[in-house]
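Sequence lines set the chain letters: A, B, ... in the order given, protein chains first and strands last, and positions in each chain run from 1.
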2 protein chains.
Amino acid sequence: MRGKPTLRDVAERAGCSITTVSNILQGRSHLYREDMVHQVMRAAQELGYRPNSIARSLARRRTATIGVALDPQHARLTHNLYAHDVLDGILAFLEPRDYDIRLITPRTSDPAAVWRRIDNGSIDGVVLIAPVMGSPLLEWRHYSSLPAVVVGSTLPEEYRLSHIDIDNTSAMTMLVEWVIQQGHRAIGYIKGHPLHWSAHQREQAFRRVLERYGVPIREEWVLQGDYGPESGARAAEQLLRQSELPTVVMAANDDMAIGFLQQCRTLEIAVPDQISVTGFDDSSWAERMGIPLTTIRHDRYQVGYLAAQQLLHQIETGDTRPQRVLINGALVVRHSVASAYALASPATLQHAFSTEGGSKQ
Amino acid sequence: MRGKPTLRDVAERAGCSITTVSNILQGRSHLYREDMVHQVMRAAQELGYRPNSIARSLARRRTATIGVALDPQHARLTHNLYAHDVLDGILAFLEPRDYDIRLITPRTSDPAAVWRRIDNGSIDGVVLIAPVMGSPLLEWRHYSSLPAVVVGSTLPEEYRLSHIDIDNTSAMTMLVEWVIQQGHRAIGYIKGHPLHWSAHQREQAFRRVLERYGVPIREEWVLQGDYGPESGARAAEQLLRQSELPTVVMAANDDMAIGFLQQCRTLEIAVPDQISVTGFDDSSWAERMGIPLTTIRHDRYQVGYLAAQQLLHQIETGDTRPQRVLINGALVVRHSVASAYALASPATLQHAFSTEGGSKQ
DNA sequence: TCTGGTTATGGAAGCGTTTCCAAGCACCCC
DNA sequence: GGGGTGCTTGGAAACGCTTCCATAACCAGA
């Protein structure tokens with residue numbers, strides 16, 4: 001016996017066939033006499049035998065591994081807090097089930113190449129993390145029949161892919177309504193990255209609510225961002241030098257809100273005394289910031305956990321009909337929003353009227 | 001042909017043997033006539049053939065996969081910024097070489113079980129991320145002959161494991177010397193997690209430099225932390241209610257420095273006007289904080305990159321003699337440290353004297 | 001003694017590749 | 001025309017495991 005011990009080595013030492021060893025080591029020891037079981041166990045123990053998972057995968061046609069694929073656009077993990085939280089959720093579900101994780105970070109946008117890396121027999125299924133519009137990850141149907149679950153992107157139906165995500169629409173609706181209930185009628189918005197569905201869903205929800213409440217949308221207060229903190233800072237630049245200001249600025253995520261806040265500090269504009277700010281995501285960044293951000297919390301860990309669960313279900317039952325799960329976010333009120341009622345009376349709530357600068361105390 | 005096409009299917013369609021197909025698809029087409037090559041290529045193309053990497057691994061006895069193992073003590077990815085940065089470096093090196101990554105996050109501390117998960121034939125080598133003292137990951141020699149590289153822990157020689165890390169000693173030495181050069185003689189310290197080698201190395205460097213410069217170490221200013229921001233805040237609690245205060249507090253990492261700073265803000269103690277603070281790591285958290293932290297920057301991405309490189313070298317040459325690479329950190333001066341010369345004259349530099357509260361301007 | 005039903009074990013065919021080696025063939029030179 | 005020499009191609013044995021199915025032994029009942 002050279003190299004690592006194999007089933008054959010154990011069988012030889014125990015004086016039986018490899019079938020016997022295989023069966024016993026897989027827990028089918030009720031088929032055998034007790035002394036046989038003992039012998040095999042001892043032989044395996046003594047040799048330090050460890051089953052070769054590659055050979056096992058080949059024979060079983062199951063790898064007990066799932067892939068986690070990042071979008072080529074965001075294949076860096078650094079600063080991708082979303083991916084971490086989701087990964088932890090996935091791990092939490094998979095660990096006790098003895099599944100392993102293969103990390104897939106394609107750097108090309110050629111879908112054929114991407115899927116060659118993903119679907120090469122080495123995984124049983126894949127979690128696609130936050131694919132953006134036009135992502136090669138979404139070409140799934142054309143290249144692979146592997147079970148797949150998308151997280152972090154609420155896709156249009158036609159993609160026919162299972163996905164799990166926060167309910168962006170309902171969460172943003174809740175947040176905007178709350179802001180309006182604080183009396184704000186002059187509301188700015190910083191949009192997310194235009195390739196993300198979530199950016200559109202959040203913006204649309206924002207617009208809908210304002211419309212519904214009859215609050216006018218001032219397009220000069222609606223700024224393009226890209227979910228990065230710098231874009232929030234740039235938005236602050238652009239916005240804060242306008243002659244008329246909103247009383248509150250809603251950013252499509254926390255990172256941009258943080259960038260916005262930084263810039264406010266630089267420009268010595270007090271939050272929330274002079275302007276209110278909201279975020280979205282409740283990223284842990286915000287938590288550590290000096291100014292506690294009012295935002296939407298959603299359970300990314302839970303998203304990962306459910307995704308893994310859903311994926312394993314698909315793998316084990318073969319039922320790959322697309323399922324959609326949307327998780328509700330929670331409103332987290334901290335202190336980055338001031339009530340506008342100091343100026344606007346509650347009575348104005350239904351027949352809104354812009355009171356620019358009105359929240360200044 | 002049911003299921004995914006195999007080498008056999010391609011061979012049948014091209015009218016040749018599987019050996020031929022295998023050779024051609026692996027790039028050994030110079031062995032064959034051009035029309036044969038063409039036929040095979042076309043057949044493979046038409047069937048959408050993709051080699052099964054599991055079968056390939058079994059046959060080649062190489063998996064083209066490396067494992068990345070987290071310490072069971074820190075198996076969560078969330079908040080483990082170090083792991084992310086290192087992972088990115090590893091990915092950067094591995095991607096172009098067509099290696100994949102398997103994420104291993106053991107939750108037990110039983111070394112046999114941990115290594116059963118790690119060394120089961122599914123990887124060619126493993127990067128062990130920041131194992132702490134007593135970690136099952138360090139029982140490597142007893143359980144596995146897999147090539148392994150440790151990052152994030154500068155181990156004592158006797159572990160006989162290759163490792164790549166920042167040079168904690170030289171970096172902390174540099175930082176402390178700089179602080180002393182700013183005129184500080186009353187220096188506090190917040191220690192890192194006692195199970196991390198880095199914590200001891202940094203503390204030892206701190207003590208050595210103070211000794212060398214004849215600056216007295218006041219043990220009531222040396223506080224135990226655990227690398228978490230909360231422990232930094234607790235340290236601030238403890239320290240700041242003492243009657244005599246140091247002029248500067250050096251935290252063993254940025255996270256604790258940030259916690260300390262938060263607490264200072266709460267207690268309305270101005271940094272650096274009333275007390276100076278340093279960190280270590282230059283984590284991206286610090287960057288986004290309001291108060292720019294003077295700290296040590298080290299290139300975690302680079303650590304990952306070099307670790308992957310070193311590991312591949314071991315795998316490919318079979319040379320697993322332990323190598324140690326220490327990377328120099330860089331001093332990053334921002335504005336969390338005030339000069340103590342406002343009170344202490346430069347002349348006092350060599351025969352230091354505590355000037356508690358002396359940095360107040 | 002024969003049949004049939006247990007119970008305990010092993011044979012052997014896969015799983016989809018890789019790779020060593022041999023074989024077939026044409027050609028050329030002496 | 002025999003024997004080398006290239007050039008193409010294929011056979012077959014691995015790799016280490018799973019699993020279907022056969023076999024052998026034993027015992028009970030007829």
Review item, nucleotides 18-25 of chain D N/O atoms under 3.5 Å of protein N/O:
unit_1 : atom_1 : unit_2 : atom_2 : d
D:dT18 : OP1    : A:R56  : NE     : 2.9
D:dT18 : OP1    : A:R56  : NH2    : 3.2
D:dT18 : OP2    : A:S22  : OG     : 2.6
D:dT19 : OP2    : A:R28  : NH2    : 3.4
D:dT19 : O4     : A:T19  : OG1    : 3.2

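- One interatomic measurement links the two molecules: CZ of B:R62 to P of D:dA14, which rounds to 22 Å at whole-angstrom precision.
- Atom-to-atom, CG of B:D35 to C1' of D:dT9 comes out at 12 Å; the value is rounded to the nearest Å.
- Contacts between residues 112-126 of chain A and DNA chain D, defined by a heavy-atom separation under 4.0 Å, are absent.
- The separation between B:R8 atom CZ and D:dA12 atom P is 15 Å, rounded to whole Å.
- A donor atom on one side chain and an acceptor atom on the other are found under 3.5 Å apart for A:D124 and A:T63.
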Given the rule in the side-chain contact (heavy atoms from CB on, under 4.5 Å) test, do B:T154 and B:R324 qualify, once you have shown the distances and angles that lead to the verdict? CA-CA 8 Å; B:T154 305; B:R324 157 184 286 194; 4.0 Å; yes
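- Using a 4.5 Å heavy-atom threshold, the side chains of A:Q310 and A:L306 count as separate.
- Between the C1' atom of D:dT9 and the CG atom of B:L31 lies a distance of 10 Å, rounded to the nearest Å.
- What separates CD1 of B:I24 from P of C:dT18 is a distance of 13 Å, to the nearest Å.
- A:D98 has a carboxylate O that lies under 4.0 Å from a charged side-chain N of B:R117, or vice versa, which qualifies the two as a salt bridge.
- Put simply, the side chain of A:D100 does not reach to within 4.5 Å of the side chain of A:L94, judged on heavy atoms.
- Distance CD (A:E34) to C1' (C:dT9): 17 Å, rounded to an integer number of Å.
- Side chains of A:T105 and B:E95: a donor on one and an acceptor on the other come within 3.5 Å.
- Between the B:W140 side chain and the B:L146 main chain, a donor and an acceptor come within less than 3.5 Å of each other.
- Side chain of B:Y82 to main chain of B:G152: a donor-acceptor pair is present (N/O by atom type, distance under 3.5 Å, no hydrogens or angles).
- B:R60 contributes no side-chain N or O that, together with a main-chain N or O of B:L58, makes up a donor-acceptor pair within less than 3.5 Å.
- Put simply, CE on A:M36 is 19 Å from P on C:dT7, counting in whole angstrom units.
- For the pair A:L58 CG and C:dA13 P, the interatomic distance rounds to 17 Å; values are reported in whole Å.
- Each of A:N52 and B:C16 lies near DNA chain D, and the nucleotide nearest B:C16 is the one positioned closer to the 5' end.
- At the phosphate of C:dT9, OP1 or OP2 sits under 4.0 Å from a side-chain N or O atom of A:R33.
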